[in-house]
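Since the structure is predicted, the reported quantities are computational estimates derived from the model, not experimental observations.
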Amino acid sequence: MAKGYPELANEVVSAANGVDYAYRDTGGGDGLTLVLLQHFRGNLDNWDPALIDALAPARRVVTFDNAGVGGSTGTTPDSIEQMARDAIAFLTAMEFSQVDLLGFSIGSFVAQQVALVRPAIVRRLVLASSAPQGAAGMHGWAPEVIGAVGTPNTSPEAYLDVFFTQSAASRQAGQQALRRMYARTEDRDQATTWATREAQYDAVCAWGIPGHSLLQRVSALDMPVFVANGDSDPMILPHYSYLLAGLIPHTQVKIYPDSAHGFLFQHHAEFAADVDAFLTAAS
């Protein structure tokens, strides 16, 4: 019987850029590997095991810490462009000639950049809670958002306020997701540092400097793209999903109800089924 995400070993691969990348690998699967790119300040333990376990039966799923994050060595860069180069270095070290890529939050910015600078390595692209570079209104997050998730010591309550809505159903889903994330008690990933937080937020702000011409960059993405978000995401508003869908040629979009930034954890079964349908659809 395959191991669930909480039981997977922390593994390390050394890349040509000198970084030793921490990762977890579900193994198995006959098709292409699905590689996941994590959210702001997140590490290997901040993926909901229920989501990974729902994605894994049909394919190999790999999560990893990018350079300077969690258990990976190196320094977290302060630009999405360099984060993408570091992600490509990881994919190369893993000897992946082509993958499906799922990026979440800042990870979705990195995923866009990977697909733009190394398009041959990305067969299909999933962008969760995403926005294109240069979009108006993305130059930093609202004070209540960065005040909740950008402080030196964040709390579960602050996490729930950004990742889930105020409804009883969403709040309960958030509490269940947190319990799943903390079910692993041994060999947990290293916590992300304040230096990583600062570098990542610099990168987010630079990505969000308004620039109308920059919006056109994603029109170069020629692979199929699935864009998804929660209908009440306070961090990356859902209208940016529709903006992406209008800019990228081969895109489908879905907004999940009564959910926020953590919609993919709240609706993990539905989202995993949607991702599976997208990845297995005929071209």
Side-chain angles (χ1 to χ4, degrees), residues 5-6 36-54 63 65 69-71 76 103-109 128-131 137-205 208 228-241 255-272:
Y5 189 67
L36 276 55
L37 292 156
Q38 183 61 293
H39 66 72
F40 177 64
R41 301 184 78 178
N43 65 11
L44 299 175
D45 292 320
N46 293 118
W47 290 109
D48 186 344
L51 173 62
I52 308 301
D53 292 347
T63 62
D65 289 331
V69 176
T76 305
F104 174 30
S105 190
I106 190 175
S108 75
F109 305 165
S129 296
S130 195
M138 274 297 297
H139 186 226
W141 291 317
E144 61 271 20
V145 171
I146 196 63
V149 299
T151 58
N153 297 300
T154 58
S155 68
E157 293 76 17
Y159 174 86
L160 290 173
D161 284 342
V162 172
F163 279 69
F164 300 87
T165 74
Q166 296 297 320
S167 78
S170 184
R171 236 20 184 203
Q172 182 180 28
Q175 291 162 352
Q176 291 170 345
L178 281 174
R179 283 196 290 270
R180 291 190 295 266
M181 291 179 203
Y182 284 93
R184 183 184 182 118
T185 57
E186 297 181 359
D187 202 23
R188 289 182 64 83
D189 195 10
Q190 295 182 36
T192 55
T193 64
W194 185 251
T196 286
R197 180 266 189 219
E198 293 282 75
Q200 287 185 341
Y201 196 54
D202 286 354
V204 166
C205 289
N229 203 352
D231 65 354
S232 301
D233 187 348
M235 199 171 199
I236 301 177
L237 305 181
H239 76 256
Y240 293 115
S241 294
I255 306 298
Y256 293 76
D258 185 31
S259 58
H261 201 60
F263 77 92
L264 66 174
F265 302 156
Q266 178 174 338
H267 296 287
H268 55 85
E270 181 180 358
F271 178 67

Problem set entry | From Asn153 atom CG to Trp194 atom CH2, the distance as rounded to the nearest 0.5 Å | 9.0 Å
Problem set entry | Where Val162 and Pro234 come nearest, the two heavy atoms and their spacing | O-CD, 3.4 Å
Problem set entry | Under the side chain to side chain donor-acceptor pair (under 3.5 Å) test, residues paired with Ser170 that sit two or more places apart | Thr165, Gln266
Exercise. Are any non-hydrogen side-chain atoms of Gln200 and Val69 less than 4.5 angstrom apart?
Worked result: yes
Seminar exercise, completed: When every non-hydrogen atom of Ala272 is compared with those of Ala54, the smallest separation belongs to CB-CB, 3.5 Å
For this session: Using the test ring pair (Phe, Tyr, Trp, His ring centres under 6.0 Å), find all partners of Phe109 that sit at least two apart in sequence or belong to another chain.
Result: Trp207
Problem set entry | Sequence neighbours excluded, every pair satisfying salt bridge (Lys or Arg N to Asp or Glu O under 4.0 Å) that has a member inside residues 150-162 | Asp161-Arg171
Exercise. What pair of heavy atoms forms the shortest contact from Ala158 to Ala148, and how long is it?
Worked result: CB-O, 3.4 Å
Exercise. Taking the side chain as C-beta and beyond, is there a heavy-atom pair between Trp141 and Ile236 under 4.5 Å?
Worked result: yes
Problem set entry | Flag, side chain of Arg197 to backbone of Gly150, donor-acceptor distance under 3.5 Å | yes
Exercise. Side-chain contact, heavy-atom cut-off 4.5 Å: Phe104 with Leu36?
Worked result: no
Problem set entry | Thr192 (side chain) donor-acceptor with Arg41 (main chain) under 3.5 angstrom | yes
Exercise. Just by modelled atom types, is the Ile255 backbone N or O under 3.5 Å from a matching donor or acceptor in the Asn229 side chain?
Worked result: no
Problem set entry | Partner set under side chain to side chain donor-acceptor pair (under 3.5 Å) for Arg180, not counting sequence neighbours | Asp48
Exercise. Within a strict 4.5 Å, meaning less than it, do heavy atoms of the Leu178 and Phe163 side chains meet?
Worked result: no
Problem set entry | Those residues that, when tested against Asn43, pass side chain to side chain donor-acceptor pair (under 3.5 Å) (two or more places apart) | none
Exercise. NE2/His268 to CD1/Ile52 distance, rounded to the nearest 0.5 angstrom?
Worked result: 11.5 Å
Problem set entry | Nearest heavy atoms of Ser232 and Ala260, plus distance in Å | O-CB, 3.6 Å
Exercise. Measuring from Met235:CE to Met138:CE, what's the distance to the nearest 0.5 Å?
Worked result: 9.0 Å
Exercise. Tell me, do Ser259 and His267 make a side-chain contact under 4.5 Å, heavy atoms counted?
Worked result: yes
Exercise. When rounded to the nearest 0.5 angstrom, what distance separates CD in Gln172 from CG in Leu160?
Worked result: 12.0 Å
Exercise. Roughly how far, to the nearest 0.5 Å, is CG of Asp233 from OG of Ser105?
Worked result: 7.5 Å
Exercise. What are the two closest heavy atoms between Arg184 and Arg188, and how far apart are they?
Worked result: O-NH1, 2.9 Å
Exercise. Can you name the ring pair (Phe, Tyr, Trp, His ring centres under 6.0 Å) partners of Phe164, sequence neighbours left out?
Worked result: none
For this session: Specify the closest pair of heavy atoms between Tyr201 and Gly140, including all atoms of both residues, with the distance to one decimal.
Result: OH-CA, 3.3 Å
For this session: Check the angle between the aromatic planes of His39 and Tyr159 and answer parallel, tilted or perpendicular using the 30° and 60° thresholds.
Result: tilted
Exercise. Does the side chain of Asp189 come within less than 4.5 Å of Asn46's, by heavy atoms?
Worked result: no
Exercise. Any side-chain heavy atom of Tyr5 within less than 4.5 Å of one from Thr63?
Worked result: yes
